[in-house]
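Every chain is numbered from 1, with letters handed out A, B, ... down the list of sequences. Values below: all heavy atoms of this structure, side chains included; hydrogens, waters and symmetry mates excluded. Given the structure is predicted, the values throughout are model-derived calculations rather than measurements.
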4 protein chains.
Amino acid sequence: MSKGDATRQMIVEKAAPIFNIKGMAATAMSDIMEVTGLSKGSMYNHFQDKEMLVSAVVDYNLHSYAGKIRAAIGPEKTAVKKLFAFIDLLGTPLSPIIEGGCPVLNFGTEADDTHPSVATKLNAMIELCENALAGIIKEGIQQKEFDADWNYKEFAVIMFSMMEGGHILSRIAGNNNRMKLISKTLKAMIKQHVIQ
Amino acid sequence: MSKGDATRQMIVEKAAPIFNIKGMAATAMSDIMEVTGLSKGSMYNHFQDKEMLVSAVVDYNLHSYAGKIRAAIGPEKTAVKKLFAFIDLLGTPLSPIIEGGCPVLNFGTEADDTHPSVATKLNAMIELCENALAGIIKEGIQQKEFDADWNYKEFAVIMFSMMEGGHILSRIAGNNNRMKLISKTLKAMIKQHVIQ
Amino acid sequence: MSKGDATRQMIVEKAAPIFNIKGMAATAMSDIMEVTGLSKGSMYNHFQDKEMLVSAVVDYNLHSYAGKIRAAIGPEKTAVKKLFAFIDLLGTPLSPIIEGGCPVLNFGTEADDTHPSVATKLNAMIELCENALAGIIKEGIQQKEFDADWNYKEFAVIMFSMMEGGHILSRIAGNNNRMKLISKTLKAMIKQHVIQ
Amino acid sequence: MSKGDATRQMIVEKAAPIFNIKGMAATAMSDIMEVTGLSKGSMYNHFQDKEMLVSAVVDYNLHSYAGKIRAAIGPEKTAVKKLFAFIDLLGTPLSPIIEGGCPVLNFGTEADDTHPSVATKLNAMIELCENALAGIIKEGIQQKEFDADWNYKEFAVIMFSMMEGGHILSRIAGNNNRMKLISKTLKAMIKQHVIQ
DNA sequence: TATGAATGAGCCTTCATTCAT
DNA sequence: TATGAATGAAGGCTCATTCAT
């Protein structure tokens, strides 16, 4: 990686949590300058404008979020364990896996009406998660872990919606209570489909 | 109502959807000037500063949202119909009951880390909704509509989380598909507790 | 005095110390509204504009200052005692006879280059003080208290300058030390002319 | 000196007389923009806020004032001549050595009640002047120019107070008459201590 | 590539003032 | 006489961005 690329990467990494926490409009380029220690000119050497930086930051946050999920699920050997690992990983929204909480939600409410290109990226991430969940269950069915007549595609959508809803409501409330209930409920729903 | 109060009210009403759509940081006082047709000075006669206006706008949006829900549920005579009315009312996030979508989500992601006083208001609204749902079911149990061993308090939390999650994911996707599935699922879950 | 005049008088009295302390430019009409409890409209019923209020306030402060001096000097029976009373009255600039200290200085530095009409009033006050001092000494000479060849007119000018200089320097320093020395010195100078 | 430092210096130099003439509150940042030909943004690149600019301007004015005094006194060879040079330099307040007149007075009346950090700087300048005068006389005593029993420390305080008082009163009056009298008087007082 | 001085539009807010009631 | 809603210019300051070095 060239020096330029390294700097660019560093900017994105340092900027990512700030945008995720404060939001796109509320984060100033000067905030990023401060946290990177770079000069104004240098920032603009690497990113044409704020929008480009935002775009890279959204990508980074989503990629980072997905990576942590993948890392948690990957080592698990059974479908049930993978699903439970997913649930547990996202089970404490107040100590989230990336600073500021789920980027889909954080950027989503700001982007839905006003930043279509960001919304498109977020939507891809949503589908990625849903497909990942569906894929795990499908695999589980094939491995005779789950009963075959489970409508797993629908469940994946329901599960992800429920967790995202629980995530933001918990963060607003300032405690993980709702998410605990949701985790318990989802696990119970999953167990109902386990073939013993 | 005095003229001043009327103007204040008008400002809030005109400002409410703008803040709900664009967000707190991204909405400028000049946006509100434009939409109200008032001068800058006049705005500041009615609101000490932007924060005060935001506070009034959050209150208004939440109150307005709650009011529409209440209006939809109120006329229904049975608990099942009330719950279904709730689900149907919020079933199309792309044509939401107030412009910009659910204010709990819109303000929530911006407020959770940075505006505690707003978060407190949002949390009160969340509990209001959950309690309203729980209350309907409880009434339904007493009226022998639902079986008595339904853990309705937990269901209320689950239901609201699922709908909020579905709401924002649908808005990001730009279609109501997820929400339709959630509606169908929730209605099925409810029917399971109906005593026929 | 009519009600209107009473209100006008009240405004001036309440406004006077604020302008004397904060200065003309730094005092806002809203500061005066606050301290008087009057509405914007009411203020402008009594004073055409801020300049008119300032003008009245300057008059009031000067008049008030002069009045306190006169009250302190008047009862004294001899010229020496009158001069000493004057010196003692102005001897503690940090607890001045009107809030904010000598209005000649406070308005003078702001007015000298930019508000000629105010400067004119201040100058009249300066001459009033100098003439008062000169008049006391002249009377003292006639009463054989002081030797006849004292150039009392020059002394009056010197004395007032010294006290005004000491007043502001003491206020800047935050202690009365300089003024104490000046008081001692002036009294010694006066005693040199006393016929025993 | 870097370009940035040069610009900063230029801003201070151009701003200094304006603040000295109009006062801190009455001088707007836009006044400084105009006189420097710089944009608002550029001003704020060099000074965090108005207060920082004021601080630099006060320093500059005081330093500049002190510099001119030092330049006038320095070349003189005897203590008497130095004192007379000081008196003569400040003898015409209507054509003062820096535009707007003595900064100690100009900033002092505005700062005494409301800007303690400025007042501290002014006080340091006052003591500097008093000490300079006292130092000259002390040196004169050592050189047998002045009689040894002159309480020169007290005289320095008296002299500076008198000149500051005369300065502002002259400026208010719009003529140098009082200052001429003060000059004459001070010189006479000094001569009384000269050993011939 | 990196710097940081410069820009000017725009932001939030305050100000003096007016005027219908 | 008193009120307070309305005004718009101006104030201090921040922002994203440009560009010569």
Side-chain angles (χ1 to χ4, degrees), chain A residues 2-8 25-33 36-54, chain B residues 2-8 11 25-33 36-53, chain C residues 2-8 25-33 36-54, chain D residues 2-8 11 25-33 36-53:
Chain A
S2 74
K3 191 185 174 199
D5 288 350
T7 303
R8 194 192 135 96
T27 300
M29 292 300 270
S30 60
D31 293 335
I32 310 309
M33 277 175 58
T36 56
L38 288 174
S39 66
K40 226 134 224 200
S42 193
M43 302 272 330
Y44 279 89
N45 280 338
H46 295 284
F47 298 96
Q48 204 175 60
D49 54 25
K50 188 184 177 182
E51 199 185 330
M52 291 295 186
L53 174 56
V54 165
Chain B
S2 76
K3 192 185 178 202
D5 288 349
T7 302
R8 195 191 134 98
I11 294 171
T27 300
M29 291 303 271
S30 58
D31 294 335
I32 310 309
M33 274 176 63
T36 56
L38 287 173
S39 66
K40 218 145 234 195
S42 194
M43 305 269 333
Y44 279 89
N45 279 341
H46 296 284
F47 298 95
Q48 207 173 60
D49 52 27
K50 189 185 175 181
E51 199 186 330
M52 291 293 187
L53 174 56
Chain C
S2 76
K3 190 187 174 198
D5 287 351
T7 302
R8 193 191 137 97
T27 300
M29 292 301 271
S30 59
D31 293 336
I32 309 309
M33 276 176 58
T36 55
L38 288 173
S39 66
K40 231 141 220 193
S42 193
M43 302 271 330
Y44 279 88
N45 279 338
H46 294 285
F47 298 95
Q48 206 176 58
D49 54 24
K50 188 184 177 182
E51 200 186 330
M52 290 294 185
L53 174 57
V54 165
Chain D
S2 75
K3 193 184 177 202
D5 289 349
T7 303
R8 193 192 137 99
I11 294 171
T27 301
M29 290 303 271
S30 58
D31 293 336
I32 310 307
M33 276 175 63
T36 57
L38 288 172
S39 65
K40 217 149 238 191
S42 194
M43 305 270 333
Y44 279 90
N45 279 341
H46 296 284
F47 297 95
Q48 206 175 61
D49 54 25
K50 188 184 176 184
E51 199 185 331
M52 290 294 186
L53 174 56

task = Classify the nucleic acid contact of A:Gly41 as base, sugar-phosphate or nothing, counting any heavy atom under 4.0 Å across all strands shown.
result = base

Sugar-phosphate, base or nothing in reach of D:Lys50, heavy atoms under 4.0 Å = sugar-phosphate

query = Paired with F:dT14 by Watson-Crick or G-U wobble geometry, both distances under 3.5 Å: which nucleotide is it?
reply = E:dA9

note = pair_partner(F:dT21), Watson-Crick or wobble, both distances < 3.5 Å, evaluates to E:dA2

Distance, rounded to the nearest Å, where [X] contributes [atom1] and [N] contributes [atom2]:
| X | N | atom1 | atom2 | result |
| --- | --- | --- | --- | --- |
| B:Asn45 | E:dC12 | CG | C1' | 15 Å |
| B:Met33 | E:dT13 | CE | P | 14 Å |
| B:Tyr44 | E:dA16 | OH | P | 18 Å |
| C:Glu51 | E:dC15 | CD | P | 19 Å |

task = For D:Ser42 and for A:Thr7, locate the closest nucleotide of DNA chain E by heavy-atom distance; then report the residue assigned to the nucleotide nearer the 5' terminus.
result = A:Thr7

task = Tell me which of D:Ser39 and B:Asp31 sits closer to the 5' end of DNA chain E, going by the nucleotide each one is nearest to.
result = D:Ser39

ask   = For DNA chain F, whose closest nucleotide is more 5', that of A:Asp49 or that of D:Thr27?
value = D:Thr27

Donor-acceptor contact below 3.5 Å, side chain C:Lys50 vs main chain C:Thr27 = yes

key: Test log, rule side chain to side chain contact (heavy atoms under 4.5 Å, CB included), inputs A:Met29 and A:Lys40   = CA-CA 8 Å; A:Met29 292 300 270; A:Lys40 226 134 224 200; 5.5 Å; no

message = Taking the minimum atom-to-atom distance to the side chain of C:Ala28, which one of E:dA9, E:dC15, E:dC11 wins?
response = E:dC15

remark   = At a 4.0 Å cut-off to heavy atoms of chain A, the contacted part of DNA chain F spans F:dC15 to F:dC19

